[in-house]
Structure formats: structure tokens, C-alpha cells
Asker: 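Please see the structure below; I have some questions.
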Amino acid sequence: MYMKKPTAVPDDVLERAHQGNCTKEDALILLEGSPFELFELADTLRANAVGDTVSYVTNRNIYITNKCAGNCGFCAYRTEKGYVLSVEEILKKVGEARKAGVVEVCVQGGYIPEIDMEFYLEIMESIKAEFPELCIHALSPMEVNYAAGISGMSVKEALRKLKESGLDSLTGTSAEILSDRVRKIICPGKINTQQWIDTIKTAHKTGISTNATIMYGHVETVEERLDHVFIIREIQKETGGFSELIPMSFLPYNNRIGEKMLASGKFASTGLEDLQLIAISRIILHTYVNNIQATWVKLGKKLAQFALQCGANDLGGTLMEDQISTASGGNHGEYVSPAEFEWMIKGAGRIPVQRDTLYRKVEPGFPNRVSPLPSFGKTKISSRE
């Protein structure tokens, strides 16, 4: 999509990239040039930021419900007549995950009247009481906003209570593309761009780390993708609370937005686009967000491995479940073993390391034995309020 006649990258663009001052104009120049020069620059900045280690986390996704009051045009997962797991059922899944050696549970849901903030708090407290060594990475800014409203509390109060109940990290999902033009098309019922930004900032200032995501390859423009990444950079300048960026390609199958795309002859993002976005994200976020994830469940294992040469330094999680991607046509599976991650990373000439949600190095089999990873040093946060 970005392919044009290869040209040498101007010296001033390279200088600003190394200083962490890449501009939007610089990013467009880099995308219009040779992809190999782009990848080489991103890989150099990756080496400067985090060295040759590549991390992954042993985790399990736990889906509280497949019901949702939303009307997102890209979702193939929600259903009108679905389930809501009880706390006991959730704890059973957590127990199974712990026996399998995970260090993180990623608790995901939807937003429906049956799920209020009190239910989320009970989930966090119950997991921490029974499995205090596990990291709880859970919920989205959308879910927090919705549940807080149902329970008659502010987002700030809801986040404070979630932290007190055991939430270690809030997910950066429901970001999609941080453009209200795009959001009105693909997810008109969701929180708007400013609400997402405000919720993330409040989480960071409450002492809750988050990741950042971008879901691309549908109706957005290249400039809107870039604007999204620059918004992440501006938030990070203020709060320092992002642990990583996860670029996620849109899967166009079994959903309303995808049906329109396919009918018009447009398919999912190309592999080249995927790698270019990972690379340009590394360059834009250099010195601010150190960790860029190549998510195998979206890219496939081989392209995710190659992304390690294009600016990425993390392969995400073992997952055990990924019902949302498979519902939208994802066919890369729902589980990768630690042994296969190690094989992929070593095959790319890198050094594998297990981490937890907060990018602390984990000794395999001992989730309580953690130590800082150099790749998270500049993004570690503490409570500010």
C-alpha cells in the first residue's frame, strides 16, 4: 500500500528519529520510501532501546461473557443470547490456567446491564485471594466507563476501587482508531476518543499500568493511523503509564464492516502494511514506549517472527483462548507453548525471556520471582494520586 520508488532517508529525518523526535511529516516520508530502509531504522532503534531480548508472557484469556450492548461493526463475537460466567466459573478457569503455569490472566468481557462495577470488583478480589501471585490484566476503558455509570460512580473512583481489589493492569483495548470520524463508522456506541484518553490518563495517575492498542486496516486512512500513534506518544509524555503498543490488524470476516470491505474488493491489511506499521510505531515511540508487540494471533507465527527484524521486541502471550479473533476469521490458532515461543525467538537470532504483565522478568515456574527488564525501565509508573 505504501510502496513507492525507494529513496535514501534524509539525514535530518534519521537524526530526529534517533533523538525520539520523529514528526508526522517524517513518518510519511519514511513510509513512502524503501520498506527495507524503514525496517533497518526501526530495528536499530529497537536494539538501542531494549537490546536483543524478545519477551513473551504465559497467560490465559478469560471471557466473562459473549453478550454486549454495543453495536461495533467489526465484532463477530457478541450475541444476543449468550452467557455470563459466575465468579466460581471464572475461578475454575483461573485455576486451570495456574496449573498450566501461567503468570497472567487477561479477563475480558462486554458491556451489558447485568455486569456492574461491583461484579468486577468481586472478580478481582476473588482471583487475588486465591491466586495472589498472578497478574490480573483486565477490562477496557469502555467497560470501566459503562460499569461505573451503572454503579453510579465516577471513572476515577471505579479505577481506584479496581486497583484496591487487585487489578494490576488495564487493557488498552476499545481504542480501535483514535479518530472520531472513524469511530462513528465502526463503533458509534463506544466511548469517543477523548473519553478513551481521559480514562487511560486517569488509570495511569491512579497507579494502574496499561498497554496501548491500535486496530487498523478497515476504514481509516494512513494519516489517521499515524495520528493514533502520536496520541499514544503524547499520553506517554504526560503519564509514563504505557507498557507496550500492540498493533492489531482488522479481520474482515463475519462482521458488518468486513462484509462491506470484501464486497468492494478490499481485503485485510497486507503483510507489508503490518510490518510497516510495527516499524513506524517503533520509530515514532522511540524513547517513550519501549515495547512493541508482534501479535502472532493476528499476524501468524512466521510473520510475527519476521516482525522481530522490523522493530518488534515482544510476541505477546500463550493465550490458551482467543475466541474474538477466531470468530472474525482468525486461523492462526489459540495457543502457542513457551517452548515454541523460545524456538521462534532463537530462530530470529534473539534471546528469549519470559515476562509478566508489567514487563518484569519471570523465572519459569516461579511467578513470584520477578525482576525488572531493561525494556520497561522508562515506562514504570507509581501512584500519583
Asker: Is there a donor-acceptor pair closer than 3.5 Å between any side-chain N or O of Thr206 and the backbone N or O of Ile208?
Answerer: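 Side chain of Thr206 to backbone of Ile208: no pair is present.
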Asker: Do Lys201 and Ile235 pass the side-chain contact (heavy atoms from CB on, under 4.5 Å) test, and can you show the C-alpha distance, the side-chain angles, and the key distance before you say yes or no?
Answerer: CA-CA 7 Å; Lys201 285 183 178 180; Ile235 295 172; 4.2 Å; yes
Asker: Between Ser264 and Met261, is there a donor-acceptor pair closer than 3.5 Å when you use the side chain of the first and the backbone of the second?
Answerer: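 Checked: pair present.
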Asker: Is a donor on one side and an acceptor on the other found under 3.5 Å between the side chain of Asn313 and the backbone of Val54?
Answerer: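 Judged by distance alone, no pair lies under 3.5 Å.
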Asker: Indicate yes or no: does Lys93 engage Glu89 in a salt bridge with an N to O separation below 4.0 Å.
Answerer: no
Asker: Around Lys260, counting heavy atoms of other residues, nucleotides and ligands shown, do more than 12 lie under 6.0 Å from its NZ?
Answerer: no
Asker: Please work out which of the three classes, parallel, tilted or perpendicular, describes the rings of Trp296 and Phe341, given edges at 30° and 60°.
Answerer: perpendicular
Asker: Using modelled atom types and a 3.5 Å cut-off, is there a donor and acceptor pairing between side-chain atoms of Ser34 and backbone atoms of Phe36?
Answerer: yes
Asker: Determine whether Leu315 and Leu308 make a side-chain contact, defined as any pair of heavy atoms from C-beta on separated by less than 4.5 Å.
Answerer: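 Yes. Closest side-chain heavy atoms under 4.5 Å.
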Asker: Any side-chain to backbone donor/acceptor pair from Asp43 onto Gly311? Under 3.5 Å, distance only.
Answerer: no
Asker: Taking Asn290's backbone N and O only, do any of them form a donor-acceptor pair with Arg282's side chain (distance below 3.5 Å, no angle check)?
Answerer: yes
Asker: Going by the rule side chain to side chain contact (heavy atoms under 4.5 Å, CB included), which residues pair with Ile150 if we only count those two or more places apart in sequence or in a different chain?
Answerer: Asp116, Tyr146
Asker: Do Asn211 side-chain atoms and Thr171 backbone N/O form a donor-acceptor pair below 3.5 Å?
Answerer: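 No.
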Asker: Kindly check if the number of other-residue, nucleotide or ligand heavy atoms within 6.0 Å of NZ (Lys266) is above 12?
Answerer: yes
Asker: Ignoring hydrogens and geometry, is there a side-chain-to-backbone donor-acceptor pair from Ser55 to Gln354 under 3.5 Å?
Answerer: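 Checked: no pair found.
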Asker: Among residues at least two apart in sequence or on other chains, which ones pass side chain to side chain contact (heavy atoms under 4.5 Å, CB included) with Asp227?
Answerer: Lys24
Asker: Crowded around Lys237 NZ? As in, over 12 foreign heavy atoms under 6.0 Å?
Answerer: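 Yes, NZ of Lys237 has more than 12 neighbouring heavy atoms, counting only those of other groups under 6.0 Å.
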Asker: Could you tell me whether Arg181 and Glu224 make a salt bridge, using a distance below 4.0 angstrom between a side-chain N and a carboxylate O?
Answerer: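 Salt bridge present between Arg181 and Glu224.
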Asker: Under 6.0 Å from the CD atom of Glu340, do we count more than 12 heavy atoms belonging to anything else shown?
Answerer: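 Yes, because the 6.0 Å sphere around CD of Glu340 holds more than 12 heavy atoms from other groups.
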Asker: With a cut-off of 6.0 Å (strictly less than), are more than 12 heavy atoms of other residues, nucleotides or ligands near CG of Asp11?
Answerer: no
Asker: Hey, are the side chains of Glu220 and Ser179 touching, using non-hydrogen atoms and a 4.5 Å cut-off?
Answerer: no
Asker: Tell me, do Arg183 and Ile177 make a side-chain contact under 4.5 Å, heavy atoms counted?
Answerer: no
Asker: Show me the donor-acceptor pairs within less than 3.5 Å that the side chains of residues 119-126 make with the rest of the protein, sequence neighbours left out.
Answerer:
residue: Tyr120; atom: OH; partner: Gly110; partner atom: O; Å: 3.4
residue: Glu125; atom: OE2; partner: Ser165; partner atom: OG; Å: 3.1
residue: Ser126; atom: OG; partner: Glu122; partner atom: O; Å: 2.7

Asker: Among Asp314, Ile246, Leu277, Leu285, which residue meets the side chain to side chain contact (heavy atoms under 4.5 Å, CB included) test with Ile292?
Answerer: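 Exactly one pass, corresponding to Leu285.
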Asker: Please report the interatomic distance CG(Leu303) to CG(Leu275), rounded to the nearest 0.5 Å.
Answerer: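 If I round to the nearest 0.5 Å, the distance is 4.5 Å.
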Asker: Between Glu164 and Arg160 (salt bridge meaning N to carboxylate O under 4.0 Å), is one present in this structure?
Answerer: yes
Asker: Are the side chain of His137 and the backbone N or O of Cys106 linked by a donor-acceptor pair below 3.5 Å?
Answerer: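 No; zero donor-acceptor contacts below 3.5 Å.
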Asker: Rounded at 0.5 Å granularity, tell me how far CE in Met117 sits from CD in Glu143.
Answerer: 9.5 Å
Asker: Rounded to the nearest 0.5 Å, how far does CD of Gln305 lie from CZ of Arg350?
Answerer: 10.0 Å
Asker: Using only atom types and a distance under 3.5 Å, with no angle test, would you say the side chain of Arg60 pairs donor to acceptor with the backbone of Glu104?
Answerer: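 Between the backbone of Glu104 and the side chain of Arg60 there is no qualifying donor-acceptor contact (under 3.5 Å).
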Asker: Roughly how far apart are Thr53 OG1 and Arg355 CZ, rounded to 0.5 Å?
Answerer: 11.0 Å
Asker: Might you confirm whether atom CZ of Phe131 has over 12 heavy atoms from other residues, nucleotides or ligands at distances under 6.0 Å?
Answerer: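 Atom CZ in Phe131 is packed in, count exceeds 12.
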